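Just so it is clear, the values below take in all heavy atoms, side chains as well, and ignore hydrogens, waters and symmetry mates. Both ligands and their constituent atoms are indexed starting at 1 by order of listing. Everything numeric here is computed off the predicted structure, so don't read it as measured data.
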Amino acid sequence: MKKHGPILIEKKPEKIFLNSIGSSELGYITVAEYQENIPFNIKRVYWTYYTPNKVTRGHHAHKALEQCIFAVNGKIEFELINVNGEKSTFILDSPEVGLYIPPMHWRTIKFSHNAVLLCLASDVYKKSDYIRDYDYFLKK
Ligand code: TYD
């Protein structure tokens, strides 16, 4: 049971819609660029792939890390929970549409097998930035 009332959440998760430059005849390019359409300096990029359909990944929150995530191929479903326990869901299935995830959002993620998740992250990898205990997360 939480001992305090709802915490004011400054930043909210939201979809970001990037331009798709090109045509069906020529193909397309989409650009993610700091300050143009990404709200933080990108210090790390990683991608995940071949995740089996039955696997759910994530199960953690980040204390300070901000991320913009894209499904450059396939379909990815996110369930996000903020520190007040409020849930939101997002589906990414288009390479020019991303999801901004602010700090302190617990995520569970499901993938189509062909999905390639591209993550732009605001910091280098720090094990200490992870919260992997859900009860501890909700008490924050
Ligand atoms: P993790 O962030 O737990 O991914 P998921 O929530 O999708 O399972 O990372 C999985 C593993 O990869 C974990 O052992 C940490 C390692 N890892 C790095 O070494 N560097 C990184 O930048 C990332 C994102 C993960």
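Here the straight-line distance linking atom CD of E77 with atom CZ of F90 works out to 13.0 Å at 0.5 Å rounding. In this structure, Y46 OH and L118 CG are separated by 9.5 Å, a value rounded to the nearest 0.5 Å.
Ligand 1 places these atoms under 4.0 Å from at least one heavy atom of H60: 2 (O), 6 (O).
Counting protein heavy atoms only, atom 9 (O) of ligand 1 is closest to Y130 OH, 4.3 Å. In this structure, the protein non-hydrogen atom closest to atom 7 (O) of ligand 1 is R57 NE, 2.9 Å.
Between Y130 and Y125, the angle of the ring planes goes over 60°, which puts this pair in the perpendicular group of the 30/60° scheme.
Counting protein heavy atoms under 4.0 angstrom from atom 4 (O) of ligand 1 gives one or more. By the definition of a contact as any protein heavy atom under 4.0 Å away, atom 15 (C) of ligand 1 is in contact.
Ranked by closest heavy atom to atom 24 (C) of ligand 1, the top entry among K126, H59, R132, R44 is R44. Here atom 25 (C) of ligand 1 lies nearest to Y125 when heavy atoms of Y46, Y125, F111 are compared.
In this structure, K110 does not pair ionically with E79, as no charged nitrogen and carboxylate oxygen lie closer than 4.0 Å.
Both F70 and Y49 belong to a common hydrophobic cluster when Ile, Leu, Val, Met, Phe, Trp and Tyr are linked at side-chain heavy-atom distances under 4.5 angstrom.
Between R44 and the options D123, L120, L65, a side-chain contact (heavy atoms from CB on, under 4.5 Å) holds for only L65.
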